[in-house]
Amino acid sequence: MTTPANPQLPGLEDALARARAATKEMAAALAEPSGWQPIWKRPRTPKSKAAKKKELSDQRERFQDAGKRRLAAAQSRRPRSRQSRIGNAAARRDARTLSRVRHSIAWLRDGAGHRPPSGADGVQHPVAMHDIG
């Protein structure tokens with residue numbers, strides 16, 4: 001199937017001629033030297049000893065600061081030992097006792113060790129083995 005001739009569309013020969021003219025212009029633009037060079041091709045400018053020492057000192061300071069930040073971040077993520085969380089032995093004993101009470105049903109009993117009758121406090125308690133019989 002052929003494309004119908006359209007007077008508004010430029011012809012193939014015109015487009016080809018314009019492309020050839022543009023290639024000559026582009027080649028001329030690429031051939032002229034520019035002042036820019038990549039940094040790895042530039043000639044090195046010599047530094048004085050003082051400038052080198054200052055640069056190394058700044059770099060050392062940067063690295064040390066980064067190391068301190070890294071250490072602080074690692075320390076904050078590391079789980080602390082139980083000993084350091086709870087300061088002294090008395091506090092540890094208290095914490096242990098509270099934990100035992102929390103995980104037992106001792107708080108349901110009265111002072112004599114008896115549980116309240118089921119439903120007396122508004123809560124249905126399961127029957128334990130020592131309540132049977």
Interatomic spacing from CZ in R69 to CD in Q64 - rounded to 0.5 Å | 12.0 Å

Please round to the nearest 0.5 Å and tell me the distance separating atom CZ of F63 and atom NZ of K68.
-> 14.5 Å

Residues, nucleotides or ligands: over 12 heavy atoms within 6.0 Å of R42 CZ = yes

Can a salt bridge be assigned to the pair R62 and D58 using a cut-off of 4.0 Å between side-chain N and carboxylate O?
-> no

Grouping ILVMFWY residues whenever side-chain heavy atoms fall under 4.5 Å, the cluster of I39 otherwise contains W40

For K52 and K47 the tightest heavy-atom approach is CE-O, 3.9 Å

Taking T97 for its side chain and R93 for its backbone only, find out whether a donor-acceptor pair lies under 3.5 Å.
-> yes

Gap between atom NZ of K54 and atom CD of Q59 - 0.5 Å precision = 12.5 Å

